[in-house]
Trainee: 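My questions all concern the structure below.
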There are 2 protein chains.
Amino acid sequence: MSKISKPNNCISCPYKWKYLNLLKDDDIISIQNSCTIINFKKGETICKQGTDATHALYLAKGTVKLYIEGKKNLILKLIKAGEYIDLQTLFGDKSYKYSVAAMDDTMVCMINSDMLRSLAKENPKYLFELTKSISNSSNYVYKKVSDISRKQLRGRLADTILYLKNEIFNSDEFDIGMTRKELAELSSMSMENAVRILSEFKKDEILSIEGKKFKILQPSILQKLSDIG
Amino acid sequence: MSKISKPNNCISCPYKWKYLNLLKDDDIISIQNSCTIINFKKGETICKQGTDATHALYLAKGTVKLYIEGKKNLILKLIKAGEYIDLQTLFGDKSYKYSVAAMDDTMVCMINSDMLRSLAKENPKYLFELTKSISNSSNYVYKKVSDISRKQLRGRLADTILYLKNEIFNSDEFDIGMTRKELAELSSMSMENAVRILSEFKKDEILSIEGKKFKILQPSILQKLSDIG
DNA sequence: CAATATCATTGATATTTAACAATAAAACTA
DNA sequence: TAGTTTTATTGTTAAATATCAATGATATTG
């Protein structure tokens with residue numbers, strides 16, 4: 001199960017948010033005192049769609065998936081360490097519009113929402129960075145909805161592989177760290193179709209696949225598939 | 001063509017944003033001096049996907065559609081008077097991720113981005129409201145992407161009709177003010193299928209349709225269709 | 001007001017995608 | 001390590017959806 005603890009020193013924490021020091025030291029201490037650190041193991045749920053947010057979630061270590069639940073799940077994005085998992089629930093409607101689960105062992109700092117909001121109100125520079133972050137994450141979803149609604153299977157799977165390459169692993173070679181089902185949920189398609197298209201990509205030597213180890217052999221073709229849709 | 005003018009008095013303007021007065025009068029005057037008012041006619045483009053934003057766009061009068069262009073367009077939402085059309089481009093990446101066009105005769109206030117950003121930085125209460133607005137509009141898109149990826153034709157069209165009822169016209173009876181093609185683009189489907197399903201709804205007496213005049217006869221069935229997906 | 005263009009409607013057909021099914025491979029567990 | 005469950009793969013079939021085509025209705029324009 002998830003392990004709970006308290007932070008020692010946020011100011012000198014190596015995992016702190018890069019804009020944390022826009023706050024005064026006193027304010028950082030307030031955050032530290034209100035903060036609870038929770039360690040999650042792979043697969044554990046960090047927050048649940050439909051419930052109300054009482055804390056802001058900062059991802060200090062690990063990677064999580066943010067997904068919308070239903071008959072079939074849709075993974076909207078992966079979030080890497082160093083970012084707030086969810087900010088629009090802090091400033092907008094309080095109920096989570098999605099669930100979040102750990103993709104590997106993660107460390108999450110939970111900060112009381114009311115406290116963080118009032119700190120933000122008094123520290124416009126900090127708030128400004130939070131707002132930039134929400135804006136860019138919003139832009140990402142706009143792109144996602146457009147891709148999903150317009151592209152078909154091949155284009156969508158190419159999108160996902162390029163996303164892993166460019167945004168998550170920053171490399172042409174990586175262990176996807178997820179099942180085929182999750183890869184499909186990230187591409188909004190059935191698992192069988194994801195597997196089938198992966199086989200095609202392999203046969204066409206666009207990709208080399210060894211279980212969960214992917215190596216992109218022809219990124220330009222993937223890009224073209226993504227562009228064509 | 002679009003008609004350009006300057007504002008007389010933002011402070012007493014009946015169309016002003018409801019949180020404008022969180023700014024000091026001096027700041028409002030700064031906005032007023034930098035502001036250009038543009039009147040658009042139905043169909044005219046207000047901003048174009050791919051270009052860089054130099055101004056924040058406030059919709060004082062009229063209704064606009066925000067849509068992503070491609071081989072087929074996807075209308076993400078309609079925006080009514082009294083809201084900023086676009087805020088994430090003010091705080092996030094500067095390039096428009098979508099186009100915006102007038103659905104009827106509209107009045108748009110264009111405010112220099114740099115100026116508004118620096119005002120926001122010095123007026124946390126104002127910035128806070130902008131952030132709330134971005135957050136909620138982001139939440140809307142999360143719902144949209146989930147609906148589009150999961151529901152099928154009937155569910156999606158029911159969504160759209162309920163959206164018009166609840167969010168746009170606040171009535172069971174309204175003139176949709178758009179073509180069947182736009183209705184389809186708002187529901188992410190082909191125009192023919194939108195028409196076909198409308199005919200079904202009419203036959204099943206869920207809806208009464210007279211050209212562009214819709215009357216919802218059985219909202220509960222629409223809701224059920226939306227829920228089933 | 002006739003001519004023209006746009007929009008709406010319906011049917012037929014083709015394409016895309018998911019669901020189902022059977023088996024193989026891999027990972028986990030006692 | 002044998003047994004069990006989960007995950008991956010491929011083929012087959014069914015369902016969902018888009019496209020094409022033909023026609024009628026409505027709006028627009030000179």
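Every chain is numbered from 1 and lettered A, B, ... according to where its sequence line falls, protein lines coming before strand lines.
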Trainee: Please find out if less than 6.0 Å separates the ring center of A/Tyr142 from that of B/Tyr98.
Mentor: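 Ring centroids of A/Tyr142 and B/Tyr98 are less than 6.0 Å from each other.
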Trainee: Going by atom types only, do B/Lys3 and B/Ser5 share a side-chain donor-acceptor pair under 3.5 Å?
Mentor: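 Side chains of B/Lys3 and B/Ser5: no pair found under 3.5 Å.
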Trainee: Can you tell me if A/Thr179 touches the phosphate of D/dT6, counting only side-chain N or O atoms and a distance under 4.0 Å to OP1 or OP2?
Mentor: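 Looking at the OP1 and OP2 atoms of D/dT6, neither is under 4.0 Å from any side-chain N or O of A/Thr179.
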Trainee: So for the helix from C/dC1-D/dG30 to C/dA30-D/dT1, with five pairs setting each end axis, what is the inter-axis angle to 10°?
Mentor: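 That helix gives 50° between its end axes.
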Trainee: With a 4.0 Å cut-off on heavy atoms, is B/Leu198 in touch with a base, just the backbone sugar-phosphate, or nothing at all?
Mentor: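 If one applies the 4.0 Å heavy-atom cut-off, B/Leu198 turns out to touch nothing in the nucleic acid.
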Trainee: State plainly whether the residues A/Asp159 and A/Lys151 are in salt-bridge range, i.e. N to O under 4.0 Å.
Mentor: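 Salt bridge: yes.
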Trainee: Whole-Å distance between C/dC7 C1' and B/Glu185 CD?
Mentor: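 Distance, rounded to whole Å: 13 Å.
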Trainee: Determine, for B/Glu182 against B/Lys65, whether the closest basic-nitrogen to carboxylate-oxygen distance falls under 4.0 angstrom.
Mentor: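 Here B/Glu182 pairs with B/Lys65 in a salt bridge, since their nearest N and O are under 4.0 Å apart.
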Trainee: If I take atom CD1 in residue B/Ile148 and atom P in nucleotide D/dT17, what distance separates them, rounded to the nearest angstrom?
Mentor: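 Taking CD1 of B/Ile148 and P of D/dT17, I get 13 Å after rounding.
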Trainee: Who are the side-chain hydrogen bond (donor to acceptor under 3.5 Å, both in side chains) partners of B/Asp105, not counting sequence neighbours?
Mentor: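 Scan of B/Asp105 (side-chain hydrogen bond (donor to acceptor under 3.5 Å, both in side chains), adjacent residues dropped) gives none.
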Trainee: Rounded to whole Å, how long is the line connecting atom CG of A/Leu153 with atom C1' of D/dA16?
Mentor: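 Rounded to whole Å, this separation is 13 Å.
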Trainee: Would you please confirm or rule out a distance under 4.0 Å between OP1 or OP2 of C/dA18 and any side-chain N or O of A/Asn193?
Mentor: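 Result: yes.
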Trainee: For the pair made of NZ in B/Lys181 and C1' in D/dA18, what is the distance, rounded to whole Å?
Mentor: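 Spelled out: NZ on B/Lys181 to C1' on D/dA18 is 15 Å.
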Trainee: Let me know the distance between CD of B/Glu200 and C1' of C/dT10, rounded to the nearest Å.
Mentor: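 One finds 13 Å between C1' of C/dT10 and CD of B/Glu200, rounded.
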Trainee: Let's go through A/Ile206 and A/Ile216 carefully: what are the C-alpha distance in whole Å and the side-chain angles of both, what is the deciding distance for side chain to side chain contact (heavy atoms under 4.5 Å, CB included) to 0.1 Å, and is it a yes or a no?
Mentor: CA-CA 6 Å; A/Ile206 298 168; A/Ile216 299 175; 5.7 Å; no
Trainee: Would one find a side-chain N or O of B/Arg196 under 4.0 angstrom from OP1 or OP2 of C/dT9?
Mentor: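 No, B/Arg196 has no side-chain N/O under 4.0 Å of OP1/OP2 on C/dT9.
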Trainee: Nearest-Å distance, CZ (A/Phe201) to P (D/dA8)?
Mentor: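 From A/Phe201 CZ to D/dA8 P: 17 Å.
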Trainee: How are the rings of A/Tyr58 and A/Tyr84 set relative to one another: parallel (under 30°), tilted (30 to 60°) or perpendicular (over 60°)?
Mentor: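 Answer is perpendicular, since the angle exceeds 60°.
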Trainee: Starting at CG of A/Leu157 and ending at C1' of C/dT17, how long is that distance when rounded to a whole Å?
Mentor: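 To the nearest whole Å, that distance equals 14 Å.
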Trainee: On DNA chain C, does the nearest nucleotide to B/Arg180 precede the nearest nucleotide to A/Gln152 from the 5' side, or the other way round? Give the residue.
Mentor: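 Here B/Arg180 is the residue nearer the 5' end.
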Trainee: What nucleotide, of C/dA18, D/dA21, D/dT10, holds the atom closest to the side chain of B/Glu192?
Mentor: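 In terms of side-chain proximity for B/Glu192, the closest of C/dA18, D/dA21, D/dT10 is D/dA21.
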Trainee: Return the 5'-most residue of the pair A/Lys72, A/Lys212 with respect to DNA chain C, ranking by each residue's nearest nucleotide.
Mentor: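 The 5'-side residue here is A/Lys72.
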Trainee: B/Arg156 has an atom CZ; how far is it from atom P of D/dT17, in whole Å?
Mentor: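 Distance, rounded to whole Å: 6 Å.
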Trainee: Indicate, with a heavy-atom threshold strictly under 4.0 Å, whether A/Met191 touches base, sugar-phosphate, or nothing.
Mentor: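 Touches a base.
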